[in-house]
Asks: 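This is the structure, below, for whatever I ask next.
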Amino acid sequence: MEANTLFLLKALCLLCFSVCFTLASDPDPIQDFCIPKPMTSPYHDHHFSTNLPCKNSSEVTTEDFVFSGLKTVGNFTETGFATVPVSPVNFPGLNTLGLSFVRADLKPGSINPPHYHPRATEVAHLVKGRVYSGFVDSNNKVYAKVMEEGEMMVYPKGLVHFQMNVGDVTATIVGGLNSQNPGIQKIPSVVFGSGINEELLMKAFGLSLKQIGTLKKRFDPVMSNEH
């Protein structure tokens, strides 16, 4: 009986581990594709769900699987960084396939600040320019180099990564992520723009209240709009 009980417990643990591992990533599709039907409420309220009602296959066209938005540059910010995110929001053909993409353009000297994607691994392909690119592992070891045109770099899931244009021309990167909702958390905004207690930040970073206030004005969207 003890041996049988131990076997059942091990099997149960293995089953629980398998279920948890499966739930940690996008679910596998149960059909070839699912082009979502037009929603009665705004699409952005539903685009991350994989349970959207699908169009009848007779209504699906080739154009549902084609996206042309990566041909053009996005809108540059004041810091010289532009992105064109691609997900089921603007490319319904991706729905249920566990994929998303992004085009990033960086003017000379500009950066894509340290950030991470909690639900996806990313592969970045440098189409044009020279970019200092890398990530930091859980032991605080940095893996970084200056990428040349045509090179690719992978950023493991959940690890902080970054990019900086070190060339003389605008750099272009195309990234692919293995989730239709990878999420993104930019470290400066997470720390100084989320409303964390100021005393805690002062103790954590050895900064004065005035310095904390300056950083919050820069990265807190509410305070930024007030100034």
Side-chain angles (χ1 to χ4, degrees), residues 13-36 39 41-54 64-65 67 69-70 74 77 81-106 111-126 131 133-144 147 152-163 173-196 219 221:
C13 289
L14 180 61
L15 176 62
C16 290
F17 176 80
S18 299
V19 170
C20 291
F21 182 80
T22 301
L23 292 177
S25 58
D26 288 4
D28 287 334
I30 58 174
Q31 64 274 323
D32 291 342
F33 49 80
C34 174
I35 306 301
M39 305 300 293
S41 55
Y43 184 64
H44 66 264
D45 290 338
H46 307 275
H47 70 273
F48 292 136
S49 171
T50 56
N51 297 318
L52 296 175
C54 309
D64 288 316
F65 304 100
F67 181 77
L70 293 185
T77 65
F81 180 61
T83 60
V84 179
V86 186
S87 72
V89 176
N90 52 0
F91 187 10
L94 291 178
N95 187 49
T96 74
L97 301 184
L99 293 170
S100 57
F101 300 89
V102 63
R103 170 177 173 159
D105 292 271
L106 300 90
I111 68 167
N112 186 4
H115 64 281
Y116 67 96
H117 306 287
R119 293 179 289 275
T121 293
E122 179 179 4
V123 175
H125 173 227
L126 183 59
V131 170
S133 174
F135 66 90
V136 181
D137 72 6
S138 56
N139 292 316
N140 280 342
K141 181 178 179 180
V142 64
Y143 297 84
M147 294 175 62
M152 301 176 70
M153 190 169 199
V154 63
Y155 311 123
K157 179 179 179 179
L159 296 187
V160 172
H161 52 281
F162 48 83
Q163 294 146 347
I173 300 169
V174 175
L177 303 102
N178 65 339
S179 170
Q180 73 177 53
N181 180 21
I184 183 170
Q185 291 194 286
K186 296 184 178 182
I187 302 305
S189 298
V190 167
V191 175
F192 298 106
S194 61
I196 295 176
F219 296 110

Asks: When rounded to the nearest 0.5 angstrom, what distance separates CD1 in Ile111 from CG in Leu106?
Replies: 9.0 Å

Asks: Let me see the working for Met147 and Ile173 under side-chain contact (heavy atoms from CB on, under 4.5 Å), right down to the final yes or no.
Replies: CA-CA 11 Å; Met147 294 175 62; Ile173 300 169; over 6 Å; no

Asks: Measuring from atom OG of Ser133 to atom CE of Met152, what distance do you get when rounded to the nearest 0.5 angstrom?
Replies: 11.5 Å

Asks: Using the side chain to side chain donor-acceptor pair (under 3.5 Å) criterion, which residues pair with Ser179? Sequence neighbours excluded.
Replies: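 Partners of Ser179 by the side chain to side chain donor-acceptor pair (under 3.5 Å) criterion, ordered by chain and then number, come out as Asp26.
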
Asks: Tell me every residue that passes ring pair (Phe, Tyr, Trp, His ring centres under 6.0 Å) with Phe101, counting only those two or more places apart in sequence or in another chain.
Replies: none

Asks: Taking side chain to side chain contact (heavy atoms under 4.5 Å, CB included) as the definition, give me every residue that meets it alongside Pro156, ordered by chain and number, with sequence neighbours left out.
Replies: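 Side chain to side chain contact (heavy atoms under 4.5 Å, CB included) check on Pro156 returns Phe135, Leu159.
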
Asks: Going by side chain to side chain donor-acceptor pair (under 3.5 Å), name the residues that satisfy it together with Asn112, two or more places apart in sequence or in a different chain.
Replies: Gln163

Asks: Taking salt bridge (charged side-chain N to carboxylate O under 4.0 Å, His left out) as the test, write out the residues that go with Asp137, two or more places apart.
Replies: none

Asks: Can you sort out the partners of Phe81 under ring pair (Phe, Tyr, Trp, His ring centres under 6.0 Å), two or more places apart, ordered by chain and number?
Replies: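 Checked Phe81 against ring pair (Phe, Tyr, Trp, His ring centres under 6.0 Å); zero matches.
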
Asks: Test of understanding: with side chain to side chain donor-acceptor pair (under 3.5 Å), list the residues that count as partners of Thr77, not counting sequence neighbours.
Replies: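 Testing Thr77 for side chain to side chain donor-acceptor pair (under 3.5 Å), a comparison that skips the adjacent residues, returns Thr79.
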
Asks: Hey, is the main chain of Gly74 close enough, under 3.5 Å, to the side chain of Arg103 for a donor-acceptor pair?
Replies: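 No, Arg103 side chain to Gly74 backbone: no donor-acceptor pair under 3.5 Å.
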
Asks: Please lay out, stage by stage, how Asn95 and Gln180 fare under the test side-chain contact (heavy atoms from CB on, under 4.5 Å).
Replies: CA-CA 7 Å; Asn95 187 49; Gln180 73 177 53; 3.5 Å; yes

Asks: List for me each residue that meets side chain to side chain contact (heavy atoms under 4.5 Å, CB included) alongside Phe162, sequence neighbours excluded, and say none if there are none.
Replies: Pro114, Tyr132, Val136, Val142, Ala144

Asks: With sequence neighbours left out, write down each residue that passes ring pair (Phe, Tyr, Trp, His ring centres under 6.0 Å) with Tyr155, or none if nothing qualifies.
Replies: His161

Asks: Side chain of His115, backbone of Gln185: donor and acceptor closer than 3.5 Å?
Replies: no

Asks: Tell me the closest heavy-atom pair linking Leu177 and Pro182, and the distance in Å.
Replies: CD2-CB, 3.8 Å

Asks: Between CZ of Phe33 and CG of Leu94, what distance do you get to the nearest 0.5 Å?
Replies: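 Taking CZ in Phe33 and CG in Leu94, the distance rounds to 13.5 Å.
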
Asks: Just to verify, what does Thr121 make a side chain to side chain contact (heavy atoms under 4.5 Å, CB included) with, not counting sequence neighbours?
Replies: Val154, Lys157, Asn178

Asks: Between Thr83 and Pro85 (side chain of the first, backbone of the second, donor and acceptor by atom type, cut-off under 3.5 Å), is there such a pair?
Replies: no

Asks: Excluding sequence neighbours, so at least two apart, what forms side chain to side chain contact (heavy atoms under 4.5 Å, CB included) with Phe67?
Replies: Leu70, Val86, Asn90, Phe91

